[in-house]
Amino acid sequence: MRLYDTLTRSHVELPPPPGPIRMYFCGSTVYQRIHVGNSRPFVLGMWLRSWLRQTGYDVTLVHNITDVDDKVYAEAAKQEISSRELSERATSWFFEDTDDLGLGRPDLEPRATETIPEIVEFVRELVSRDLAYVANGDVYFRVARFPEYGQLSGARIEDMVAQETSELKEDQRDFALWKSQKPIEDAAWDSPWGRGRPGWHIECSAMAEKFLGREFEIHGGGNDLRFPHHENELAQSRSLGHPFAQVWVHNGMLELDASKMSKSLGNVVTLRNVLDVWGREALLVFHLSGFWSKPVDFSDDVMQQALARANRFRDVFRRPHEDAPADAWAGFAAALEDDFNAPAALAVMHEWRDHELLRRALGVFGLATLAEQEAAPAEVTELADRRQRARAERDFDEADRLRVEIERAGWEARDEPGGYRLVRLP
RNA sequence: GGCGCCGUGGCCGAGUGGUUAGGCAGAGGCCUGCAAAGCCUCGUACACCAGUUCGAGUCUGGUCGGCGCCUCCA
């Protein structure tokens, strides 16, 4: 399988099965309900794991939860609750919402606050090697000590100008590894540099290496994390001589009204809301419809199209099975093996009338539920039976009246040779 | 300003040198008591300009337009 690697800007071939493939995906900062855009890297990670396992790899997926951050403190203060209470509540929302995607859970979901000893140790090591320095209770990484800095984001180090300046920094491009406790911050930990809490980027280096080791195969996350987050992770780990991630995958942003969906812009639709309105299957088909690395527009219109497409798959299972050619699966697999080209894989799937094959392919994406038929309640079945008798007696007025009644109950009567089928209206 | 991505038919969206992507919506037809589902047909898609080539949506250069990152962000 080949994947597009942001670091080398090229497609790279994964080592052959059984791997192992160790994957680390950056998750969300938990201080409110996540939005649909946040679901994209989660879904991508779960699908990659699913497909790689399907093709014989031994896969471990770590998906972190950032539960200590400026946003968490600020929101907790606003709500007048402790930051711990807020982050725990938001973490349980995160679990609820992503559970409802029906894709299962990542193998490990560590939280930053549970990794403090490893983070402190990591920072201590950087300081002892002179790659970082202490300034008034803060610890900063010395960007100038890592010549490859800027490789991931493609920016030249000379072009970088820090927006947020601090007189504590030797160089304005340096970034914080540890931050001393501020009055608003109600959660803090002891460290060799005083009470404080980790900087944003160090938690991921620490968690990834804690659970996957100093070298692992895939690191994923949103395109907006390339810089500074992932650039900084890379700097922290590689400056210590750790190989760190071999392949970097960055998903494109979800756009709403032609601009990126983001909590800071406020143009947000929560994952919860999308699941409630459109259902998990339509959302997954939506995610499948666009190439993972490209930006996609999110709108009612595209969700409507995704829903219709999901129903088209569902209808295949309501018609007779037809054996697919022996090489049918190969076309599907080839699409996914080529940088996980899901839209192309979907196109192959639409050709199939083979129930077993289609169910298996849908299963890769957590969509095997489309193969299941919902049984109509007894009262609707009774209406349909009466309608059948009316049709037999050629009382078509009565038959049509009953059809309307069935539709009011949320079902559709489809006449078939020798009987009928009841199908739930979308 | 710097770095990068992108511009495909009404809509979504694959495709990187030459043969139908696929889906949604629409029109006509077959089927049906009527429908639904399905199947068939249709609308002559590649932002613009120049170039390379026997041949370009696909390569090169330029123009215009959109987006992302450079600052918290999936």
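Letters go in sequence order (proteins before strands), and every chain restarts at 1. All values reported here derive from a predicted model rather than from experimental measurement.
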Peer 1: May I ask you to say whether A:Lys71 pairs ionically with A:Asp69, meaning some side-chain N is under 4.0 Å from a carboxylate O?
Peer 2: no

Peer 1: For atom C1', what is the distance between B:rA25 and B:rG9, given to the nearest Å?
Peer 2: 13 Å

Peer 1: How does each nucleotide of nucleotides 16-28 of chain B score, in 5' to 3' order, for protein heavy atoms under 4.0 Å: base (B), sugar-phosphate only (S), or none (-)?
Peer 2: -----BBBS----

Peer 1: In terms of side-chain heavy atoms of A:Phe291, which of B:rA14, B:rG33, B:rA74 is nearest?
Peer 2: B:rA14

Peer 1: Checking only heavy atoms, does the side chain of A:Arg421 share a donor-acceptor pair with the base of B:rG38 at less than 3.5 Å?
Peer 2: no

Peer 1: Taking only the P atom of each, what is the distance from B:rC54 to B:rG23 in whole angstrom?
Peer 2: 38 Å

Peer 1: Which whole number of Å gives the distance between the C1' atom of B:rG61 and that of B:rC70?
Peer 2: 27 Å

Peer 1: Would you mind checking if A:Asp100 and A:Arg272 are paired as a salt bridge, meaning a charged N to carboxylate O distance below 4.0 Å?
Peer 2: yes

Peer 1: OP1, OP2 of B:rC39 versus side-chain N and O of A:Arg353: anything below 4.0 Å?
Peer 2: yes

Peer 1: Let me spell it out: for each of A:Val36 and A:Tyr4, pick the nucleotide of RNA chain B with the closest heavy atom. Which residue's pick is nearer the 5' end?
Peer 2: A:Tyr4

Peer 1: Quick check on RNA chain B: between A:Ser28 and A:Phe396, whose nearest nucleotide comes earlier from the 5' end?
Peer 2: A:Phe396

Peer 1: So which nucleotide from B:rG68, B:rC12, B:rA36 ends up closest to the side chain of A:Asn223?
Peer 2: B:rG68

Peer 1: Counting only Watson-Crick pairs (N1-N3 plus N6-O4 or O6-N4) and G-U wobbles (N1-O2, O6-N3), all under 3.5 Å, who is the partner of B:rC69?
Peer 2: B:rG2

Peer 1: Specify the separation, in whole Å, of atom CG of A:Asn251 and atom P of B:rG4.
Peer 2: 21 Å

Peer 1: Of the candidate nucleotides B:rG13, B:rG68, B:rG33, which contains the atom at the shortest distance from the side chain of A:Lys260?
Peer 2: B:rG68

Peer 1: Starting from C1' on B:rG4, measure out to CG on A:Leu7 and report it in whole angstrom.
Peer 2: 14 Å

Peer 1: Cut-off 3.5 Å, side chains only: do A:Thr60 and A:Asp107 have a donor facing an acceptor?
Peer 2: no

Peer 1: What's the gap between B:rG17 and B:rC59 when it is taken at their C1' atoms, as a whole Å value?
Peer 2: 8 Å

Peer 1: Test for a donor-acceptor pair under 3.5 Å between the base of B:rA37 and the side chain of A:Arg319, counting only N and O atoms.
Peer 2: no

Peer 1: So if I take every side-chain heavy atom of A:Lys294 and compare against B:rC72, B:rA35, B:rC6, which nucleotide ends up nearest?
Peer 2: B:rC6

Peer 1: Examine B:rA74: is either OP1 or OP2 under 4.0 Å from a nitrogen or oxygen in the side chain of A:Thr29? Give yes or no.
Peer 2: yes

Peer 1: Mind checking the C1' distance from B:rG55 to B:rC42? Whole angstroms is fine.
Peer 2: 29 Å

Peer 1: Does any nucleotide pair with B:rG9 by Watson-Crick or G-U wobble geometry, both distances under 3.5 Å, and what is it?
Peer 2: none

Peer 1: Looking at every strand, decide which applies to A:Met349 at a 4.0 Å heavy-atom threshold: base, sugar-phosphate, or nothing.
Peer 2: nothing

Peer 1: For B:rA14 and B:rA45, measure between their C1' atoms and round to the nearest Å.
Peer 2: 13 Å

Peer 1: Taking the six-membered ring for Trp and the full ring for Phe, Tyr or His, determine whether the centres of A:His250 and A:His230 are under 6.0 Å apart.
Peer 2: yes

Peer 1: Using the P atom on both, measure B:rC49 against B:rG15 and round to a whole Å.
Peer 2: 25 Å

Peer 1: Spell out yes or no: do the side chain of A:Asp315 and the base of B:rG38 have one donor N/O and one acceptor N/O closer than 3.5 Å?
Peer 2: no

Peer 1: Select base, sugar-phosphate, or nothing to describe what A:Gly37 touches, counting heavy atoms under 4.0 Å on all strands.
Peer 2: base

Peer 1: Salt-bridge test for A:Glu398 and A:Arg387: reply yes if a basic N is under 4.0 Å from a carboxylate O, no otherwise.
Peer 2: no

Peer 1: Could you tell me the Watson-Crick or G-U partner of B:rU19, where both distances fall under 3.5 Å? Say none if there is no partner.
Peer 2: none

Peer 1: Between A:Arg33 and A:Asp97, is there a side-chain N and carboxylate O pair less than 4.0 Å apart?
Peer 2: yes

Peer 1: Below 4.0 angstrom from OP1 or OP2 of B:rG15, is there any side-chain N or O of A:Asn341?
Peer 2: yes

Peer 1: Using both distances under 3.5 Å as the test, list the Watson-Crick or G-U wobble partner of B:rU32, or none.
Peer 2: none

Peer 1: Is the distance between the ring centroids of A:His63 and A:Tyr24 under 6.0 Å?
Peer 2: no

Peer 1: Before accepting this row, confirm whether a basic side-chain N of the pair A:Asp395/A:Arg386 lies closer than 4.0 Å to the acidic partner's carboxylate O.
Peer 2: no

Peer 1: Are there over 12 heavy-atom neighbours, none belonging to A:Arg408, within less than 6.0 Å of that residue's CZ?
Peer 2: no

Peer 1: To the nearest angstrom, how far is A:Arg414 atom CZ from B:rC31 atom C1'?
Peer 2: 15 Å

Peer 1: Quick one: A:Leu425 CG to B:rA36 P, roughly how many Å, whole number?
Peer 2: 13 Å

Peer 1: Determine whether A:Leu225 and A:Glu233 satisfy the following criterion, side-chain contact (heavy atoms from CB on, under 4.5 Å), listing intermediate values before the conclusion.
Peer 2: CA-CA 10 Å; A:Leu225 296 184; A:Glu233 283 182 46; over 6 Å; no

Peer 1: Regarding A:Gly27, tell me which of base, sugar-phosphate or nothing describes its non-hydrogen contacts under 4.0 Å with the strands shown.
Peer 2: sugar-phosphate

Peer 1: If I take atom CG in residue A:Leu288 and atom P in nucleotide B:rG13, what distance separates them, rounded to the nearest angstrom?
Peer 2: 14 Å

Peer 1: In whole angstrom, give me the gap between the C1' atoms of B:rU19 and B:rC6.
Peer 2: 27 Å

Peer 1: What is the pairing partner of B:rU52, taking Watson-Crick or G-U wobble pairs with both distances under 3.5 Å in any strand?
Peer 2: none

Peer 1: Could you let me know what B:rA47 is paired to, Watson-Crick or G-U wobble, both distances under 3.5 Å, or none if it's on its own?
Peer 2: B:rU63

Peer 1: When we call it a touch if two heavy atoms are under 4.0 Å apart, what does A:Ala413 touch: a base, just sugar-phosphate, or nothing?
Peer 2: base

